[in-house]
Amino acid sequence: MNNSTTINKDNLPKHLAIIMDGNGRWAKQKGMLRVFGHESGTKAVRQTVESCAKLGIKNLTLYAFSTENWNRPKIEVETLMKLLVSSLKKELSTLQENKIKLSTIGNTNQLPESVRKQLNSVIEATQNNDRMTLTLALSYGSREEIISAVKTISKKVKNNNLEISDISESTINEHLYTNDLPDVDLVIRTSGEQRISNFLLWQIAYAEFYFTDILWPDFREKDLHEAIISYQKRERRFGKTSEQIK
């Protein structure tokens, strides 16, 4: 049975976020270096991105590298950065063919110059694509993002450009990295871990969560479909009662 036939195209998450976890464990199970897991994980990225575009999902955010990941062994970090550059070069044609716009969130100033250069090149080349926005969370940490927003808002208050009484949810939204994205509807995390890991803490306030034991390099289109079907079976109440929703 093709799972895609059971997906309701009128009830897709407007914003899907994925915590791609399990590359290292996948490699370890096969007696290989962690780096090999990251390389294999790029295949799952390609298939997931193309599948989301095909389904009609408008916004996909992938947790590619967190602020905490800088603490990993130096050789692993360096390899991840090289892999990122080569993947961006390799996948540009796929993004163009599928009319996918690339974007990024996070403290990208921390990234090596070679990565920033390649990233900016692909972002510029895809800026007019309008089928789907693919956002890579790179050197990203949600707490850091919120601190940055608070500092900017505080500065505006201090300079009399903003009244304290005017600060609202929209004010916070406008100062986050994700200011041009809708709130997250569905978060998928692979590898069996069930935690958020400092990812989009503000944006997932009413998101649905889907956890799977599948390690990221083994994540396939059918697994994505299963997650979306699970999401579509849920009643999203946003604090209201079932009767109010009906």
Side-chain angles (χ1 to χ4, degrees), residues 1-23 26 37-65 83-84 86-105 119 122-123 125-138 140 178 181-193 199-200 203-204 207-234 236:
M1 184 180 76
N2 183 355
N3 277 340
S4 62
T5 58
T6 60
I7 289 176
N8 176 5
K9 295 286 185 77
D10 296 323
N11 184 26
L12 291 169
K14 291 181 183 68
H15 186 177
L16 167 63
I18 304 179
I19 301 173
M20 308 177 291
D21 196 15
N23 289 343
W26 184 88
H38 295 308
E39 286 172 356
S40 299
T42 60
K43 294 168 193 167
V45 170
R46 185 187 306 120
Q47 191 174 108
T48 301
V49 169
E50 289 181 335
S51 300
C52 285
K54 197 162 62 178
L55 280 171
I57 289 169
K58 296 300 288 181
N59 299 285
L60 170 65
T61 298
L62 301 178
Y63 203 7
F65 193 86
L83 188 59
L84 184 54
S86 62
S87 296
L88 286 165
K89 283 179 182 172
K90 203 189 298 178
E91 300 305 329
L92 177 57
S93 58
T94 304
L95 295 175
Q96 299 291 47
E97 282 164 27
N98 289 281
K99 296 189 171 73
I100 297 167
K101 174 183 177 180
L102 183 72
S103 179
T104 183
I105 55 172
L119 200 54
V122 177
I123 287 170
T126 62
Q127 63 183 339
N128 296 320
N129 293 344
D130 57 6
R131 187 181 184 188
M132 183 177 88
T133 297
L134 167 63
T135 305
L136 298 181
L138 288 165
Y140 174 86
T178 54
L181 293 172
D183 279 349
V184 176
D185 293 308
L186 172 63
V187 177
I188 297 172
R189 180 165 188 152
T190 58
S191 90
E193 302 292 354
F199 185 48
L200 301 172
Q203 299 88 337
I204 60 171
E208 298 295 322
F209 291 86
Y210 182 87
F211 298 108
T212 173
D213 289 335
I214 295 164
L215 300 175
W216 178 248
D218 291 329
F219 192 80
R220 296 291 176 264
E221 186 174 50
K222 67 179 177 60
D223 305 310
L224 173 71
H225 288 176
E226 280 174 20
I228 292 169
I229 290 163
S230 168
Y231 163 83
Q232 293 184 338
K233 287 176 181 171
R234 302 179 193 185
R236 304 189 72 207

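Keep in mind that this is a model prediction, so the values were computed, not measured.
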Practice prompt. Taking the side chain as every heavy atom from C-beta outward, state whether Ile123 and Ser103 have any atom pair closer than 4.5 Å.
Written response: no

Discussion item. Could you tell me if the side chain of Thr61 sits less than 4.5 Å from the side chain of Val184, heavy atoms only?
Written reply: no

Discussion item. What I'd like to find out is whether the side chain of Tyr231 reaches to under 4.5 Å of the side chain of Asn11, using heavy atoms alone.
Written reply: yes

Worksheet item: Quick one: does Ile204's side chain get under 4.5 Å of Phe209's, heavy atoms only?
Response: yes

Item to complete: Write down the atom of Cys52, the atom of Met132, and the distance for their closest heavy-atom approach.
Response: CB-SD, 3.7 Å

Practice prompt. Determine, step by step, whether Leu215 and Asn23 satisfy the side chain to side chain contact (heavy atoms under 4.5 Å, CB included) criterion, reporting the C-alpha distance in whole Å, the side-chain angles of both residues, the deciding distance to 0.1 Å, and the verdict.
Written response: CA-CA 7 Å; Leu215 300 175; Asn23 289 343; over 6 Å; no

Worksheet item: Can you tell me if Asp223 uses its side chain to pair, donor with acceptor, with the backbone of Arg220 under 3.5 Å?
Response: yes

Practice prompt. Indicate yes or no for a side-chain donor-acceptor contact from Thr133 to the backbone of Asn59 under 3.5 Å, with no hydrogens or angles considered.
Written response: no

Worksheet item: Do Gln96 side-chain atoms and Ala125 backbone N/O form a donor-acceptor pair below 3.5 Å?
Response: yes

Item to complete: Answer yes or no: is there a side-chain heavy-atom contact under 4.5 Å between Leu62 and Leu134?
Response: yes

Discussion item. On a heavy-atom basis, which atom in Leu138 and which in Ala64 lie closest, and how many Å separate them?
Written reply: CD2-CB, 3.7 Å

Worksheet item: Checking side-chain contact (heavy atoms from CB on, under 4.5 Å) against Ile229, which of Ile7, Leu224, Asn8 comes through?
Response: Ile7

Worksheet item: Say you draw a straight line from OG of Ser191 to CZ of Phe219; how long is it, rounded to the nearest 0.5 Å?
Response: 12.0 Å

Worksheet item: Parallel under 30°, tilted from 30 to 60°, perpendicular over 60°: which one fits the rings of Phe199 and Tyr63?
Response: parallel

Worksheet item: Counting N and O atoms only, with roles assigned by atom type, does the side chain of Trp216 sit under 3.5 Å from a partner on the main chain of Gly22, one being a donor and the other an acceptor?
Response: no

Discussion item. Is it the case that the side chain of Ser230 and the backbone of Glu226 share a donor-acceptor pair, with hydrogens and angles ignored and the cut-off at 3.5 Å?
Written reply: no

Item to complete: Please determine, by modelled atom types, if Thr42 and Arg46 share a side-chain donor-acceptor pair under 3.5 angstrom.
Response: no

Practice prompt. Examine distances only and state if a side-chain atom of Asn129 and a backbone atom of Lys99 form a donor-acceptor pair shorter than 3.5 Å.
Written response: no

Item to complete: Check whether any side-chain N or O of Gln47 sits under 3.5 Å from a backbone N or O of Glu221 as a donor-acceptor pair, and report yes or no.
Response: yes

Worksheet item: With distance as the sole test, does Lys58 use its side chain to make a donor-acceptor pair with the main-chain N or O of Asp130 at under 3.5 Å?
Response: yes

Discussion item. Using 0.5 Å steps for rounding, measure from the CG atom of Leu55 to the CD1 atom of Ile57.
Written reply: 5.5 Å

Worksheet item: Do side-chain atoms of Glu208 reach the backbone of Arg234 as a donor and acceptor pair under 3.5 angstrom?
Response: no

Practice prompt. Answer whether the closest heavy-atom distance between the side chains of Leu88 and Leu92 falls below 4.5 Å.
Written response: no

Worksheet item: So do Leu60 and Thr135 actually touch side chain to side chain, heavy atoms under 4.5 Å?
Response: no

Practice prompt. Compare all side-chain heavy atoms of Leu136 with those of Leu102 and state whether any distance is below 4.5 angstrom.
Written response: yes

Worksheet item: What's the spacing between Asp183 CG and Gln203 CD if we round to 0.5 Å?
Response: 7.0 Å

Practice prompt. Please check if the side chain of Thr190 supplies one atom and the backbone of Asp21 the other of a donor-acceptor pair under 3.5 Å.
Written response: yes

Worksheet item: Between Lys14 and Asp185, does at least one N-O distance fall below 4.0 Å, as a salt bridge requires?
Response: no

Worksheet item: Can Glu91 and Thr94 be counted as having a side-chain donor-acceptor contact under 3.5 angstrom?
Response: yes

Item to complete: List the steps, then state whether side chain to side chain contact (heavy atoms under 4.5 Å, CB included) holds for Asn98 with Val49.
Response: CA-CA 9 Å; Asn98 289 281; Val49 169; over 6 Å; no

